Novice: 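Sharing a structure below in structure tokens format, with a few things to ask.
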Amino acid sequence: MTDIVLGVSLHELCQCEGLTEQLIVEVVGHGIAQPVAGNNVVDWVFDASSVHWLQKAVRLHYDLEIDWIAVAMVIDLLRENEALRRENECIERRLKRFLD
Amino acid sequence: MEFKDYYSILGVQPDADSKEIKTAYRKLARKYHPDMNPEKGAEERFKEVAEAYEVLKDAGRRAEYDELRQYRGQGGGGFEPPPGWRSSSGFGGAGARHFEGDFSDFFNSIFSGAEAEPRQRRAGFKGQDAEIEMPIFLEETLSETSKLVEYVIPVYENGQVTEIKKSLKVKIPVGVVDGERIRLKGQGGPGQGDAPNGDLYLHIRLVPHPLFDVEGHNLVVTVPLAPWEAALGAKVTVPTLSGKIHLTIAPDSQTGQRLRIKGRGLATKGGHGDLYALLKVVMPPSANDEVKALWLSLSQKTGFDPRSQWGN
């Protein structure tokens with residue numbers, strides 16, 4: 001049985017290729033990901049979802065050569081789009097139940 | 001091996017300047033980047049575009065590519081670099097982040113020569129993370145569930161991509177919600193040397209249920225009622241995720257009313273959400289003469305105008 005680990009520490013994140021402490025601080029500074037624990041930078045812990053968006057942000061920054069403010073906007077819109085898409089699917093299912 | 005025309009991949013002329021190349025790349029990258037475009041085939045197209053840009057944005061690599069471009073189509077069939085070809089510009093730096101170690105054979109045959117490192121993950125970094133979708137039935141979220149997870153991890157070695165098939169048994173914790181991600185440490189791609197493995201992330205997707213809709217930790221079940229049940233009140237049997245319950249419908253109930261059934265929703269970390277019974281009054285499919293007479297009598301006695309809010 002494989003155990004689930006809930007948080008990802010800053011140290012673990014910095015072991016990923018392309019991620020440095022400085023870069024992560026920058027991404028957090030733009031509100032793209034927020035640590036769920038840790039008062040000091042070295043103690044930061046992220047949840048799995050934040051890691052997903054953080055890595056996506058870094059890929060977009062380098063692959064599309066866009067600055068962090070634009071990346072933050074893109075990530076906000078992608079998140080909102082995902083949430084709305086899910087809500088829309090849910091509402092469509094409920095509407096169908098009501099009309100059938 | 002097929003010769004790749006990087007200029008036509010980017011949609012630019014061979015004499016395009018670096019600004020035109022950059023503009024063309026940005027436009028195509030925005031369109032096909034897999035983080036922006038989930039459609040099938042977009043990722044492959046982005047890889048091509050990123051590879052073309054990786055070569056054409058660098059003056060040294062572009063000059064070498066232009067030189068080789070003269071040999072395309074010679075010797076019939078596929079393309080081979082001329083005997084003794086060694087790249088002097090090489091490739092070892094950071095390129096597009098998305099596809100580390102995943103450029104084409106054509107690219108590798110040209111640029112993984114003399115000074116270039118083979119395209120593989122640099123030592124010291126952990127292996128690649130992976131993410132897969134994990135469909136979970138609503139019933140499975142009520143208690144800790146063991147799921148078998150089968151997935152494929154790409155491994156980059158000496159410029160070649162191979163795949164490892166993996167299967168794991170995972171305990172899905174109670175109360176997972178749609179869209180949540182779960183980390184399985186060390187179950188991603190292998191690390192180079194002493195570096196740790198990457199992680200596997202399970203992206204939880206709750207499978208749509210034939211009866212129940214999800215609102216956070218609450219559930220909603222639509223309860224069809226006959227007009228007389230709504231008018232007179234009734235006792236109906238309602239399904240829940242864990243067995244059936246009896247529900248009392250009050251007289252004069254309406255379509256759209258929600259009745260709360262406490263603690264019969266999805267599990268949370270510390271308890272349970274609620275189940276809402278959403279009432280829906282439905283008409284019988286057809287009426288015989290006797291029933292029609294009863295409806296007529298009802299219409300004369302109630303004096304009910306369902307469109308009174310429209311005014312005159």
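Note that the structure is predicted; figures quoted are calculated from it, not measured. Every chain is numbered from 1, with letters handed out A, B, ... down the list of sequences.
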Novice: Distance alone, cut at 3.5 Å: any donor-acceptor contact between the side chains of Tyr25(B) and Glu54(B)?
Specialist: no
Novice: Heavy-atom pairs under 4.5 Å with chain A: which of Val214(B), Thr255(B), Leu184(B) has the most?
Specialist: Leu184(B)
Novice: Looking only at heavy atoms, which of residues 35-51 of chain A get nearer than 4.5 Å to chain B?
Specialist: Ala48(A), Ser49(A), Val51(A)
Novice: With a 4.5 angstrom heavy-atom cut-off, which part of Phe212(B) approaches chain A: side chain, backbone, both or neither?
Specialist: backbone
Novice: For atom NZ of Lys96(A), decide whether the heavy atoms of other residues, nucleotides or ligands shown that lie under 6.0 angstrom number more than 12.
Specialist: no
Novice: For Ile32(A) and Ala57(A), work out which heavy atoms get closest and say how close.
Specialist: CG2-CB, 3.7 Å
Novice: Please list, chain by chain and in numerical order, all residues satisfying side chain to side chain donor-acceptor pair (under 3.5 Å) with Lys185(B), sequence neighbours excluded.
Specialist: Glu12(A)
Novice: Taking everything shown except Lys280(B) itself, do over 12 heavy atoms lie less than 6.0 Å from its NZ?
Specialist: yes
Novice: Would you say the side-chain atoms of Glu48(B) pair up with the backbone N or O of Arg45(B), donor to acceptor, closer than 3.5 Å?
Specialist: no
Novice: Is it the side chain or the backbone of Gln187(B) that comes within 4.5 Å of chain A heavy atoms, both, or neither?
Specialist: side chain
Novice: I need the minimum non-hydrogen distance between Thr268(B) and His217(B), along with the two atoms involved.
Specialist: CG2-CG, 3.3 Å
Novice: Is a salt bridge present between Lys47(B) and Glu44(B), judged by a nitrogen-to-oxygen distance below 4.0 Å?
Specialist: yes
Novice: Contact part of Leu279(B) toward chain A, heavy-atom cut-off under 4.5 Å: side chain, backbone, both or neither?
Specialist: backbone
Novice: Could you have a look at Leu202(B), Leu200(B), Ile182(B), Asp213(B) and say which one has the most heavy-atom pairs with chain A under 4.5 angstrom?
Specialist: Asp213(B)
Novice: Can you tell which part of Leu278(B) gets under 4.5 Å to a heavy atom of chain A, answering side chain, backbone, both or neither?
Specialist: side chain
Novice: In terms of heavy-atom proximity below 4.5 Å to chain A, should Pro38(B) be classed as side chain, backbone, both, or neither?
Specialist: neither
Novice: Minimum heavy-atom separation for Pro190(B) and Asn197(B), please, with both atom names.
Specialist: CA-OD1, 3.3 Å
Novice: Could you check which of Arg93(A), Lys56(A), His52(A) has the highest count of heavy-atom pairs closer than 4.5 Å to chain B?
Specialist: His52(A)
Novice: Taking atom CZ of Phe137(B) as the centre, report whether more than 12 heavy atoms of other residues, nucleotides or ligands fall under 6.0 Å from it.
Specialist: no
Novice: Please determine, among Glu89(A), Glu87(A), Arg94(A), the option with the most heavy-atom pairs under 4.5 Å with chain B.
Specialist: Arg94(A)
Novice: Taking only residues at least two apart or on different chains, which pairs with a member in residues 199-210 of chain B satisfy side-chain hydrogen bond (donor to acceptor under 3.5 Å, both in side chains)?
Specialist: Lys126(B)-Asp199(B), Glu133(B)-His203(B), Glu139(B)-His209(B), Asp178(B)-Arg205(B), Arg183(B)-Asp199(B)
Novice: What part of Ile204(B) gets within 4.5 angstrom of chain A, counting heavy atoms only: side chain, backbone, both, or neither?
Specialist: neither
Novice: Taking non-hydrogen atoms and a cut-off under 4.5 angstrom, which of residues 66-81 of chain A neighbour chain B?
Specialist: Val74(A), Leu78(A)
Novice: From Asp274(B) CG over to Leu219(B) CG, what is the distance, rounded to the nearest 0.5 angstrom?
Specialist: 9.5 Å
Novice: Determine yes or no for a side-chain-to-main-chain donor-acceptor pair under 3.5 angstrom, with Ser167(B) supplying the side chain and Lys165(B) the backbone.
Specialist: no
Novice: For the side chain of Asp129(B) and the backbone of Gly198(B), is there at least one donor-acceptor N/O pair under 3.5 Å apart?
Specialist: no
